[in-house]
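For reference, the structure is listed below as structure tokens.
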Amino acid sequence: MRDATVHQVPTAYELRGALHVARLLPPTGTRRQDLHLAYRGLPRAGAFHILDLEHAEQRLVAWGLAEMNGEWITPTIQLQELATDDDAGACENLAIEALATASPTWLGAAVTGNGVANELLPDLVTTRLTSAFPDPDRREAILLAAARIANDTQRRVIGAAGEELVVAEARAELLRLGRDDLAEQVCRLSERSDQLGYDVRAPRLPGGVWRIEVKSSSRHRLALEFFISRAEAETGRRLREWILTMCHVPLAGGASVVGWCRYDTIHPLLPRDAHDRGTWQTARIRAHPGLFKPGLPPLDA
């Protein structure tokens, strides 16, 4: 299995170097020039080459743990907290962030909800991880945590892409209808709050608005799948203007709006509460595209 991202798996030496830099960074940040002087001024017992520490800065930025603004480098709060951990724990967390950021194809293939299929890991990955973390249980925990973060990040990216597509198409439709004023009122409310039970507010020509909950899937258009929360479903049950819109967002690009439906359409797909065991909070729904009316809900009717 060939994947260039195996080279983004940090070695034990690279993890220790990144941790060394993290512990030198003040919470408010510093100039890289001053940081480099600190490399020279502190005893390193020959453990790190100065150039390797400079490369470690770049790794921390690439992993999303530090921010670079010109010649000023600032650690994130997450990195500040991570740096206070013991060496072993800190290096484990650095490895998790590195793997989750790279999100290599082999990570999704080898790591499932049931554990890690080590035979699907590239040899270089196995070598590097084993060298850095000899305990197989710790290696598995690192891979599981990295895969979970990578999956959550991918879902957020796919979801945001679908919401932005719905906003763009709603605005385009209102502009086509000659209502520039209404087009300006289309907004993606999920950027401000995820507690409303819908993501996009789109005005309609007759008056009123559609409150659109956007669901996005990267799966094949004939096997659409999405998660819905109880709060979203309850909002759909209460509000007549609530609409669920489904988008197809393939990882290779070319997103499209599949269609829309009302709450009554998805209600039969929702789980039922088992009163002696509690109530459901999130449901995984598999829906056939035939359940959806094509495109966006009508904005002129």
Side-chain angles (χ1 to χ4, degrees), residues 154-271 280-301:
Q154 187 179 83
R155 279 196 292 268
R156 286 195 296 270
V157 170
I158 291 172
E163 292 170 14
E164 290 169 359
L165 176 64
V166 168
V167 168
E169 294 208 358
R171 286 175 177 165
E173 175 64 9
L174 290 167
L175 289 173
R176 186 188 68 79
L177 294 170
R179 293 302 302 268
D180 300 33
D181 57 327
L182 295 183
E184 293 178 355
Q185 296 177 30
V186 179
C187 56
R188 183 182 163 205
L189 296 173
S190 60
E191 291 184 298
R192 306 173 193 171
S193 173
D194 59 358
Q195 304 299 314
L196 297 173
Y198 55 92
D199 302 305
V200 175
R201 180 184 182 277
R204 302 163 59 197
L205 266 63
V209 299
W210 287 126
R211 304 183 190 278
I212 306 174
E213 173 62 26
V214 182
K215 296 299 180 184
S216 301
S217 174
S218 61
R219 292 178 176 270
H220 193 277
R221 289 176 63 96
L222 297 180
L224 297 174
E225 184 177 275
F226 61 89
F227 288 89
I228 187 167
S229 70
R230 188 182 189 91
E232 292 164 350
E234 283 296 312
T235 302
R237 183 185 62 79
R238 289 187 296 102
L239 300 180
R240 183 168 179 76
E241 65 270 24
W242 186 91
I243 293 292
L244 187 143
T245 297
M246 191 74 214
C247 294
H248 182 224
V249 185
L251 299 180
S256 61
V257 176
V258 175
W260 63 279
C261 69
R262 291 184 177 274
Y263 170 78
D264 291 346
T265 301
I266 63 168
H267 177 253
L269 304 177
L270 299 176
W280 72 273
Q281 296 301 315
T282 302
R284 186 176 189 172
I285 304 296
R286 290 183 175 88
H288 190 278
L291 293 176
F292 300 92
K293 299 178 182 179
L296 291 178
L299 300 177
D300 58 351

Can you name the residues that form a side chain to side chain contact (heavy atoms under 4.5 Å, CB included) with P250, not counting sequence neighbours?
H248

So side chain to side chain donor-acceptor pair (under 3.5 Å) across residues 165-175, not counting sequence neighbours, yields E173-R176

Looking at residues at least two apart in the chain, or sitting in another chain, which of them share a side chain to side chain contact (heavy atoms under 4.5 Å, CB included) with E191?
R188

NZ on K215 to OG1 on T245, rounded to 0.5 Å
11.5 Å

Tell me if a side-chain donor or acceptor on K293 pairs with a main-chain N or O of C261 at a distance below 3.5 Å.
no

Sequence neighbours excluded, which residues qualify as ring pair (Phe, Tyr, Trp, His ring centres under 6.0 Å) partners of Y263?
H267

Taking all non-hydrogen atoms of both residues into account, name the closest pair between Q185 and P203 and its distance.
CB-CG, 3.9 Å

Side chains of S217 and V249 in contact at under 4.5 Å (non-hydrogen atoms)
no

Taking salt bridge (charged side-chain N to carboxylate O under 4.0 Å, His left out) as the cut-off, I'd like each qualifying pair that reaches into residues 177-186, sequence neighbours left out, listed once.
R179-D181

Can you list the residues that meet the side chain to side chain contact (heavy atoms under 4.5 Å, CB included) rule with R240, with sequence neighbours excluded?
R262

Residues passing the side chain to side chain donor-acceptor pair (under 3.5 Å) test with Q195, sequence neighbours excluded, are none

Please identify each residue that fulfils side chain to side chain contact (heavy atoms under 4.5 Å, CB included) with A283, with sequence neighbours left out.
I228, P271, W280, I285

Are the side chain of W210 and the backbone of P298 linked by a donor-acceptor contact shorter than 3.5 Å?
yes

Are any of the side-chain heavy atoms of C247 and V257 separated by less than 4.5 Å?
yes

Side-chain contact, heavy-atom cut-off 4.5 Å: L189 with R192?
yes

Nearest non-hydrogen partners of P297 and I212, listed with the distance:
CG-CD1, 4.4 Å

For the residue pair L205 and L174, establish whether any side-chain heavy-atom pair is separated by less than 4.5 Å.
yes

The reported gap from CZ in F292 to CD1 in I266 (rounded to nearest 0.5 angstrom) is 8.0 Å

Could you tell me which residues satisfy side chain to side chain donor-acceptor pair (under 3.5 Å) with R238, sequence neighbours excluded, listed by chain and number?
none

Note, L291 side chain near L269 side chain (heavy atom, < 4.5 Å):
yes

Non-neighbouring partners of E234 that pass side chain to side chain donor-acceptor pair (under 3.5 Å), sequence neighbours left out
R237

Would you list the pairs meeting salt bridge (charged side-chain N to carboxylate O under 4.0 Å, His left out) in which at least one residue belongs to residues 281-291, sequence neighbours left out?
E225-R284, E225-R286

Could you tell me which non-hydrogen atom of P289 sits nearest to which non-hydrogen atom of V258, and how far apart they are?
CB-CG1, 4.3 Å

Pairs where residues 197-208 contributes a residue and the test side chain to side chain donor-acceptor pair (under 3.5 Å) is met, not counting sequence neighbours:
Y198-R211

To the nearest 0.5 Å, atom OG1 of T235 lies from atom CG of L196 at 8.0 Å

